Amino acid sequence: MVQADNIYRRNPETLNNIYVKSTTGMAPITQFITLTKVYGPQNISRFNMYNAISVTGNAADGYSSGQAIQAIEEVAEQTLSADYSYEFAGLTRDEETSSGNTSIIFILCILFVYLLLNAQYESYILPWTVILSVPFGLAGSFIFAHMMGITNNIYLQIALIMLIGLPCKNAILIVEFALERRIAGHSIIWAAVRGAEARLRPILMTSLALVIGLLPLMFAHGVGANGNNALGTGTIGGMFIGMICQIFIVPAFFIIFQYLQEKVKPIRFKKKKTFRKVNEYEKKRFSISSF
């Protein structure tokens with residue numbers, strides 16, 4: 001690497017003043033090189049050791065980043081010759097490589113919830129009451145996202161995965177209380193109604209508290225607002241719509257799947273207290289109060 005002042009590199013002839021060591025002594029560098037004027041770019045960009053140019057773009061309004069990636073792939077396949085190729089960089093590269101993982105994660109979450117409910121209810125049929133209530137919360141997320149003009153991005157997908165657990169909590173409690181009343185001797189329909197009635201107020205309180213708490217995230221501004229808006233909108237929509245639907249849907253599902261469960265394995269009711277013990281208790285209470 002040779003360095004020189006401006007006056008020593010104004011024209012090609014100034015290279016005669018630069019000497020290099022050879023076998024016969026010091027020789028001008030012009031004896032070993034030939035200068036040729038060539039026109040080219042001032043800077044050459046490379047990507048993976050290949051000459052490359054950078055293209056930056058954003059998805060149009062109403063389209064997600066995934067749709068924009070798909071459009072680029074289709075156009076490149078139709079127009080680029082065999083001598084050219086393309087690669088994504090930055091966040092787009094990460095999104096392209098991880099886009100297929102979202103569905104796998106979603107399926108695994110559903111599977112784990114189903115297996116845990118199998119252990120809790122000791123049944124392979126009754127957990128479907130909870131699992132089938134999840135799509136109503138997911139539908140609420142997409143409804144609110146469409147109303148707010150939010151695309152299906154990674155933040156909305158995180159909200160969808162969260163909604164596997166949040167609405168399931170309400171459905172699990174309804175099923176648990178309904179199952180207890182069924183074991184106590186109520187009919188399937190009456191047990192489902194009483195279970196939903198017992199959990200109505202707690203479900204409304206906890207769900208509305210979460211919805212109200214996420215409103216600042218839904219209407220966030222400033223740095224990171226897009227991600228906060230998508231995450232808050234998806235969660236609020238799923239919880240609000242899921243809360244309303246679960247109050248009516250979960251008892252109906254419980255009636256169907258509990259009926260099928262009892263066809264496979266008859267239920268064992270709890271033993272009731274004998275009338276003799278109850279009557280003795282009533283007599284003692286009456287005699288004490290009379291005294």
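Numbering of residues begins at 1 and proceeds along the displayed sequence. Since this is a predicted model, take the numbers as computed values, not measurements.
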Taking the side chain as everything from C-beta on, heavy atoms only, tell me whether I164 gets closer than 4.5 Å to F106. yes

Crowding at CD, Q31 (>12 non-hydrogen neighbours, <6.0 Å): yes

Rounded distance (nearest 0.5 Å) linking atom CD1 of I7 with atom CG of N17: 10.0 Å

Sequence neighbours excluded, which residues qualify as side chain to side chain contact (heavy atoms under 4.5 Å, CB included) partners of I249? F136, C245, F253

Working to the nearest 0.5 angstrom, can you tell me the gap between I256 CD1 and I188 CD1? 11.0 Å

Side chain to side chain, Q157 and I161, heavy atoms closer than 4.5 Å: no

To the nearest 0.5 Å, atom CD1 of I150 lies from atom CG of N226 at 8.5 Å

N229 and M148, any side-chain heavy atoms less than 4.5 Å apart: no

Summary of side chain to side chain donor-acceptor pair (under 3.5 Å) pairs that have at least one residue in residues 105-124, sequence neighbours excluded: Q120-E176, S123-Q261

Check: Y50 and R46 side chains under 4.5 Å, non-hydrogen atoms: no

Check whether L126 and L116 end up in the same hydrophobic cluster, where Ile, Leu, Val, Met, Phe, Trp and Tyr are linked by side-chain heavy atoms less than 4.5 Å apart. no

Is V55 reachable from F47 through a run of hydrophobic residues whose side-chain heavy atoms are each under 4.5 Å from the next? no

Does F142 form a side-chain contact (heavy atoms from CB on, under 4.5 Å) with L160? I'd like the steps, not just the answer. CA-CA 9 Å; F142 287 112; L160 297 179; 3.7 Å; yes

Roughly how far apart are L156 CG and S141 OG, rounded to 0.5 Å? 6.5 Å

Just wondering, more than 12 heavy atoms not from I125 lying within 6.0 Å of its CD1? yes

Applying side-chain contact (heavy atoms from CB on, under 4.5 Å) to Q246 and V130, what does each step give before you reach the verdict? CA-CA 9 Å; Q246 282 179 335; V130 179; over 6 Å; no

Count I, L, V, M, F, W, Y as connected when their side-chain heavy atoms are under 4.5 Å apart, and connections chain through other members. Are I107 and I158 then in the same cluster? no

Check whether any side-chain heavy atom of I131 lies under 4.5 Å from a side-chain heavy atom of I110, and answer yes or no. yes

What pair of heavy atoms forms the shortest contact from L15 to T30, and how long is it? CB-CG2, 3.6 Å

How far apart are the C-alpha atoms of I18 and Y8, what are their side-chain angles, what is the distance that settles it, and do they pass the side-chain contact (heavy atoms from CB on, under 4.5 Å) test? CA-CA 9 Å; I18 299 176; Y8 299 108; over 6 Å; no

Side chain to side chain, L231 and M162, heavy atoms closer than 4.5 Å: yes

Check whether M218 and V211 end up in the same hydrophobic cluster, where Ile, Leu, Val, Met, Phe, Trp and Tyr are linked by side-chain heavy atoms less than 4.5 Å apart. yes

Nearest-0.5 Å distance, OG of residue S133 to CD1 of residue I247: 12.5 Å

According to a hydrophobic-cluster definition based on side-chain heavy atoms being under 4.5 Å apart (Ile, Leu, Val, Met, Phe, Trp, Tyr only), do M239 and L173 belong together? no

List the steps and the verdict of side-chain contact (heavy atoms from CB on, under 4.5 Å) for K169 and T206. CA-CA 10 Å; K169 171 181 63 69; T206 56; 3.8 Å; yes

Ring centers of F88, Y86 separated by less than 6.0 Å: yes

Please find the pair of heavy atoms, one from P202 and one from R199, that lie closest to each other, and give the distance. CB-NH2, 3.3 Å

L204 and M243: which non-hydrogen atoms are nearest, and at how many Å? CD2-SD, 3.8 Å

Looking only at heavy atoms, the pair that brings A145 and T233 closest together is N-CG2, 3.9 Å

Which distance, rounded to the nearest 0.5 Å, do you find between the CD1 of I203 and the CG of N170? 4.5 Å

Student check: side-chain heavy atoms of I236 and F144 closer than 4.5 Å: yes

Note: S187 and R182 closest approach over all heavy atoms is CA-NH1, 3.5 Å

Determine whether V20 and M26 make a side-chain contact, defined as any pair of heavy atoms from C-beta on separated by less than 4.5 Å. no

Distance-only side-chain donor-acceptor flag, Q258 / E262, under 3.5 Å: yes

If you count heavy atoms of other groups shown closer than 6.0 angstrom to CE of M205, is the number above 12? no

Non-hydrogen atoms of F254 and A192 that approach each other most closely: CD2-CB, 3.7 Å

